[in-house]
Asker: 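First the structure, which I've put down as structure tokens, then a few questions once you've had a look.
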Amino acid sequence: MIQLFSIIGTPLGWIMYQINNFTNNYGLTLIIFSILLKVCMIPLGIKQQKGLISSARMQPKMRAIQKAYGNNKKRYSEELQKLYNEEHFSPLSSCLPMLIQFPILFGMLDVIYYPIKHMLRLPAETINEAITIATGILGEGNLNAYSKEISVISAVRQNAAPFYEGLGAEVTDKILNFDFTMFGLNLFDQPTLTPEGKSMGLYFALLLIPILSGLTSLLMSLITKQSTASTTDGQLAGMNNSMMIMMPVMSIWISFMVPAGVGIYWLISNICSCVQSFVLNKIMNPAEEIAKAKAEQEAQREAERQERIEQKKKAREQGIKDPDEKGLTQKEIARRKLAEARRRDAERYGEEYVEVTDDDIK
């Protein structure tokens, strides 16, 4: 798993390193990187919005399939897949942006936990020597449980002399001058439910990160629910309600489990997602698209109904009871109707279709 984090974290760390060359401030670099990454994901956001609209537009057709083949699971699955193919729809299309965010989050963990590797770009040999010196200063038991590189930065600020002696002035100054704060907040610190020795100001500042992460996630869920409220019902509506609760809870949990830097990245991503959803709902509002689709569907049904009426009217004028039964005997008409009824029942209940015999229509 650590190797996976590193694979994703390496390109992310290089991008942050380039940004930091201009800002010379880790906090500002993190903000710019988070916004830039969200901008790059706008095409996926548009795809997600289109997926929500497509899903909502297909709800009537999906309910019709459920009604017709609900008791025949095999046929139901086949008809549902056929509908997806006809509409060029993927059920996972609206989930793709969320699925992509988690690998990026893991990559950010790698960047935050290994700041000397990613942000200072020091060789592995130098980093290992720095960790050895830090262990001598802090003690093995006092090293950061998740990142020895963070412990190195703490140790340099506590006692820089051994680092100057062991690594030289250039490397030590590079570590010592690395600004890893944001408005005075150490971005390597982790929010906790209790102060645990921190000052009350630092404790509340860190606590604010998971709280804001949860609130922005809730806002994002409310925006999504509002835009799709008129297009969802039943099971899908219940799923949306569950997601509205689950996502804020997950955002809070994530922010408590990671350093403040990762929590701020998650918070900024949530804010950008809220803005993106608001704008996309103005441009491509699912409720309006569904209303338009329903109007078109009703117009098509009415046109088909009028056409059937006209066909029957012409058939009556020609002395034919049903245009589809023209030229058939009463026995053949009865056979056809019974066969069609049996075929529908077989599809609906998953039973074997039995051919109609003469004995069935005596």
Side-chain angles (χ1 to χ4, degrees), residues 8-9 11-20 22-23 25-53 92-112 118-119 182-183 185 187 191 205-228 240 243-286:
I8 302 172
L12 298 184
W14 183 85
I15 295 172
M16 287 189 65
Y17 171 74
Q18 299 299 330
I19 296 173
N20 197 66
F22 291 96
T23 64
N25 181 278
Y26 193 49
L28 184 57
T29 295
L30 192 58
I31 293 174
I32 294 174
F33 172 81
S34 302
I35 296 174
L36 179 63
L37 195 61
K38 204 64 183 179
V39 169
C40 292
M41 292 178 66
I42 287 178
L44 289 177
I46 295 174
K47 184 178 179 66
Q48 180 184 34
Q49 190 77 357
K50 289 181 178 179
L52 289 172
I53 293 174
L92 297 177
S93 60
S94 59
C95 303
L96 186 60
M98 178 58 68
L99 295 176
I100 290 178
Q101 280 200 59
F102 284 105
I104 294 175
L105 179 64
F106 296 149
M108 287 300 300
L109 280 171
D110 190 74
V111 175
I112 298 293
H118 291 294
M119 303 305 297
M182 181 177 178
F183 306 122
L185 181 67
L187 296 179
L206 290 171
L207 191 62
L208 197 60
I209 295 174
I211 292 174
L212 291 177
S213 294
L215 290 176
T216 52
S217 182
L218 177 62
L219 177 60
M220 184 169 58
S221 298
L222 289 173
I223 292 173
T224 301
K225 182 181 179 181
Q226 183 181 19
S227 65
T228 59
N240 286 346
M243 289 292 289
M244 188 175 68
I245 297 173
M246 186 182 72
M247 292 307 296
V249 171
M250 186 178 69
S251 290
I252 293 173
W253 179 78
I254 288 175
S255 298
F256 269 116
M257 296 297 293
V258 297
V262 180
I264 288 175
Y265 158 75
W266 190 257
L267 169 60
I268 295 172
S269 294
N270 284 347
I271 294 173
C272 291
S273 294
C274 289
V275 174
Q276 176 181 283
S277 296
F278 180 80
V279 173
L280 288 179
N281 285 338
K282 290 294 183 181
I283 299 173
M284 296 184 295
N285 187 280

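Fair warning: this is a prediction, and the values are worked out from it, not measured in the lab. The basis for the numbers below is simple: all heavy atoms, side chains too, and nothing from hydrogens, waters or symmetry mates.
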Asker: About how many Å separate SG of Cys274 and CG of Leu219, when rounded to the nearest 0.5 Å?
Answerer: 4.0 Å
Asker: Could you grab the distance from atom CD1 of Ile271 to atom CG of Leu215, nearest 0.5 Å is fine?
Answerer: 10.5 Å
Asker: So do Leu185 and Ile209 actually touch side chain to side chain, heavy atoms under 4.5 Å?
Answerer: yes
Asker: Kindly compute the distance separating CD1 (Ile264) from CE (Met108), expressed to the nearest 0.5 Å.
Answerer: 10.0 Å
Asker: Kindly write out the residues that satisfy side chain to side chain donor-acceptor pair (under 3.5 Å) with Ser255, not counting sequence neighbours, or none if the list is empty.
Answerer: Ser213
Asker: Among Ser217, Ser221, Ser269, which residue meets the side chain to side chain contact (heavy atoms under 4.5 Å, CB included) test with Ser251?
Answerer: Ser217
Asker: Can you tell me how far CG of Asn20 sits from CG of Leu30, rounded to the nearest 0.5 angstrom?
Answerer: 10.5 Å
Asker: Looking at residues at least two apart in the chain, or sitting in another chain, which of them share a side chain to side chain donor-acceptor pair (under 3.5 Å) with Ser34?
Answerer: none
Asker: Quick one: does Met182's side chain get under 4.5 Å of Ile31's, heavy atoms only?
Answerer: yes
Asker: Does a side-chain heavy-atom distance below 4.5 Å link Ile254 with Leu105?
Answerer: yes
Asker: Would you say the side chain of Leu267 lies within less than 4.5 Å of the side chain of Thr216, judging by non-hydrogen atoms?
Answerer: yes
Asker: Identify the heavy atoms of Ile252 and Pro210 that sit nearest to each other, and give their distance.
Answerer: CG1-O, 3.4 Å
Asker: Going from OG1 on Thr23 to CE on Met16, what distance comes out if it is rounded to the nearest 0.5 angstrom?
Answerer: 8.5 Å
Asker: So His118 and Leu12, do their side chains get closer than 4.5 Å, heavy atoms only?
Answerer: no
Asker: Before giving the answer on side-chain contact (heavy atoms from CB on, under 4.5 Å), spell out for Leu207 and Phe256 the whole-Å C-alpha distance, their side-chain angles and the decisive distance to 0.1 Å.
Answerer: CA-CA 8 Å; Leu207 191 62; Phe256 269 116; 3.6 Å; yes
Asker: Nearest 0.5 Å, what's the CG-CZ distance between Leu28 and Phe22?
Answerer: 12.5 Å
Asker: Can you name the residues that form a side chain to side chain contact (heavy atoms under 4.5 Å, CB included) with Leu280, not counting sequence neighbours?
Answerer: Ile46, Gln49, Gln276, Met284
Asker: Between Tyr17 and Val111, is any pair of side-chain heavy atoms under 4.5 Å apart?
Answerer: no
Asker: Could you go through Ile104 and Tyr265, starting from their C-alpha distance and side-chain angles, then the distance that decides it, and tell me whether this counts as side-chain contact (heavy atoms from CB on, under 4.5 Å)?
Answerer: CA-CA 10 Å; Ile104 294 175; Tyr265 158 75; 3.0 Å; yes
Asker: Checking Asp110 against Ile8 for the side-chain contact (heavy atoms from CB on, under 4.5 Å) test, could you report, in this order, the C-alpha distance in whole Å, the side-chain angles of both residues, the deciding distance, and whether it holds?
Answerer: CA-CA 8 Å; Asp110 190 74; Ile8 302 172; over 6 Å; no
Asker: Would you indicate whether the side-chain heavy atoms of Trp266 and Val262 approach each other to under 4.5 Å?
Answerer: no
Asker: State, to 0.1 Å, how close Ser273 and Met220 come at their nearest heavy-atom pair, and which atoms those are.
Answerer: CB-SD, 3.0 Å
Asker: Nearest heavy-atom pair of Leu187 and Gly27: which atoms, and what distance?
Answerer: CD1-CA, 3.7 Å
Asker: Test Asn281 against Ile223 for side-chain contact (heavy atoms from CB on, under 4.5 Å), laying out the working first.
Answerer: CA-CA 9 Å; Asn281 285 338; Ile223 292 173; 3.4 Å; yes
Asker: Can you confirm whether Val275 sits close enough to Lys38 that some side-chain heavy atom of one is under 4.5 Å from a side-chain heavy atom of the other?
Answerer: no
